[in-house]
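So the structure is just underneath, and the comments pick up after that.
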Amino acid sequence: MLPVRYTQGPHSMNDRVLRALRGEVVDRTPVWFMRQAGRYLPEYQKVRSRVGFLELCNDSGLACEVTCQPVDRFALDAAIVFSDILVVLEAIGRTVEFEGGQGPRVPEPVRSASDVASLVRPDVAEALPVAPETIRLFRKVRPDTPILGFAGAPFTLLCYLVDGGSSRHWLHTKQMIYSAPDLAGRLLDLLADVVGDYLQLQIDAGAAAVQLFDTWAGVLAPADYLRWALPSVQRALARVKRAPRIYYTRDCAAFLDWLPETGADAIGLDWRVEIGEARRRLGTIPVQGNLDPVALFAPPAEIRRRVRAILDAAGSTGHVFNLGHGVLPGTPIEGVEAMIDEVRRFRI
Ligand code: CP3
């Protein structure tokens, strides 16, 4: 069979990411990367010197401007809407603070039955209008680049909601699932329903695909992953229709064999798993990943060698190139350029 050649007409949308997420033949592996709009970009820092992070997340015009920045600089194959996973916690009734340099903080964490009773089940269209509006704006100003929507996975959101901020051991969250499983179950059900509806809202606004970030599920013992994280992801994704759904977990190696059971259409991999082995274990499901973000601090030749190794191992179909986690503040732009250029050179 001859490979289908991808050609881009004057007004057609770049569909490499969508094709790769469906396991279809592409002319080359598509590339975007997690946290591609952010502090490593001088143009982002310029905007941030004028406005706070939450203000930026709450203003669709500014969020759209920042969403465009990495796409315009690097001609990436997809944008990701600028926002944060923690906006969902505000929608269910908890304020989130980002200032202070210690990472995000939830000043009133949810730990008791009465805390849980104080939360609300929002109408997502009313409570979370900004990311959908940013997606609509982006579709108007950059019609040839697909835009991805996203949300935090229920367990990862539970971690911030219960521990009240970033944590080394997630003591309060684990304490809740071990000691008050009924409360944890109710919270995860609420988060799953809200997150599922929120992803669908972003698709309805024009997102070409959506990604669920389960950054902290890897802190769970396998039996707890199966009991808590996996069913809540299934519940969230079951509410999402009509666009590919990517599920990303950091520290996914121990759970690889179960990831197709999430119901996701593609799996995002962190850098600690060899991508060829992951593909063999995952079966036919497309994958995304998985360069170590710290590799971008290496000399360009070393970055190219590592990118090429991932591309060779992943194969030419069903792979979206990405980092294994978000790009780090301070990452040299030349490193990002070397990574993207090496992906573009890859042909099988
Ligand atoms: O990928 C993108 O470009 C889209 C925007 C995006 C942000 N956060 C912007 C952001 C996305 C997809 C996220 C996801 C997110 N947020 C996750 C899951 C992915 C991951 O990285 O693990 C998590 C756990 C969060 C929560 C969060 N938000 C943390 C822990 C922090 C502080 C640490 C940090 O990286 O700064 C944030 C703040 C945040 N979210 C920033 C950005 C650009 C930095 C804020 C600033 O400008 O000062």
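Every number for a ligand or one of its atoms is a count from 1 in the order of the listing. Just so it is clear, the values below take in all heavy atoms, side chains as well, and ignore hydrogens, waters and symmetry mates.
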(message) I'd like the name of whichever of Gly103, Gly52, Cys57, Pro104 reaches closest to atom 30 (C) of ligand 1 through any heavy atom.
(response) Pro104
(request) Pick whichever of Arg48, Arg35, Gln102 has a heavy atom sitting closest to atom 48 (O) of ligand 1. (result) Arg48
(request) Answer whether the closest heavy-atom distance between the side chains of Val194 and Leu157 falls below 4.5 Å. (result) no
(message) Which of the numbered atoms in ligand 1 are under 4.0 angstrom from any heavy atom belonging to Phe98?
(response) 28 (N), 37 (C), 38 (C)
(request) Check step by step if salt bridge (charged side-chain N to carboxylate O under 4.0 Å, His left out) holds for Arg280 and Glu277. (result) CA-CA 5 Å; Arg280 284 187 290 280; Glu277 190 208 326; over 6 Å; no
(request) Would you check if the distance from the ring center of Phe150 to the ring center of Tyr248 is below 6.0 Å? (result) no
(message) For atom 20 (C) of ligand 1, what's the nearest protein heavy-atom neighbour? Residue, atom name and distance, please.
(response) His325 NE2, 3.1 Å
(message) Give me the nearest non-hydrogen protein atom to atom 18 (C) of ligand 1 as residue plus atom name, then the distance to 0.1 Å.
(response) Thr215 OG1, 3.3 Å
(message) If only side-chain N and O atoms count, and only distance matters, is there a donor-acceptor pair under 3.5 Å linking Asp115 with Ser112?
(response) yes
(request) Could you tell me whether the side chains of Ser118 and Arg94 share a donor-acceptor contact shorter than 3.5 Å? (result) yes
(request) Drop me the distance from Arg73's CZ to Ile333's CD1, to the nearest 0.5 angstrom. (result) 4.5 Å
(request) If you have a sec, work out which protein heavy atom is nearest atom 5 (C) of ligand 1 and how many Å separate them, to one decimal? (result) Ser83 O, 3.5 Å
(request) Write down the atom of Val120, the atom of Leu190, and the distance for their closest heavy-atom approach. (result) O-CD1, 4.1 Å
(request) Using non-hydrogen atoms of the residue, decide whether Gln211 is closer than 4.0 angstrom to ligand 1. (result) no
(message) With nothing but distance in play, are any N or O atoms of Ser166 less than 3.5 Å from an N or O of ligand 1?
(response) no
(request) Tell me which protein heavy atom sits closest to atom 11 (C) of ligand 1, plus the residue, atom name and distance to 0.1 Å. (result) Phe150 CZ, 3.7 Å
(request) Would you name the heavy atoms of Val195 and Gly152 that are closest together and state the gap between them? (result) CG2-O, 3.3 Å
(request) Would you please determine whether Tyr160 falls within less than 4.0 Å of ligand 1 on a heavy-atom basis? (result) yes
(request) Could you establish whether Ala37 and ligand 1 come within less than 4.0 Å of each other, counting only heavy atoms on the residue side? (result) yes
(message) Give the atom numbers and elements of ligand 1 that come within less than 4.0 Å of a heavy atom of Val81.
(response) 4 (C)
(request) Would you mind finding which of Gln36, Arg250, Met34 brings a heavy atom closest to atom 3 (O) of ligand 1? (result) Gln36
(request) State, yes or no, whether a side-chain contact exists between Pro107 and Thr95 at a heavy-atom distance under 4.5 Å. (result) yes
(request) With sequence neighbours left out, write down each residue that passes ring pair (Phe, Tyr, Trp, His ring centres under 6.0 Å) with Trp170, or none if nothing qualifies. (result) Tyr160, Trp216
(message) If you take the nearest heavy atom of each of Leu328, Thr156, Ile85, which one is closest to atom 14 (C) of ligand 1?
(response) Ile85
(request) Output the list of atoms in ligand 1 that are nearer than 4.0 Å to some heavy atom of Ile80, sorted by atom number. (result) 1 (O), 2 (C), 3 (O), 4 (C)
(request) Answer yes or no for Tyr44: is there a heavy-atom contact with ligand 1 below 4.0 Å? (result) yes
(request) Would you please say whether a donor-acceptor pair under 3.5 Å links the side chains of Asp214 and Thr156? (result) yes
(request) Run through Leu137, Val71, Ile135 and flag the one making a side-chain contact (heavy atoms from CB on, under 4.5 Å) with Ile147. (result) Ile135
(message) As a check for students: among Asp84, Leu54, Leu323, Val51, identify the option with a heavy atom nearest to atom 37 (C) of ligand 1.
(response) Asp84
(message) Which residue and atom name correspond to the protein heavy atom nearest atom 34 (C) of ligand 1, and how close is it?
(response) Arg39 NH2, 3.0 Å
(request) Could you tell me the residue and atom name of the protein heavy atom closest to atom 41 (C) of ligand 1, and the distance to it rounded to 0.1 Å? (result) Phe53 CE1, 3.6 Å
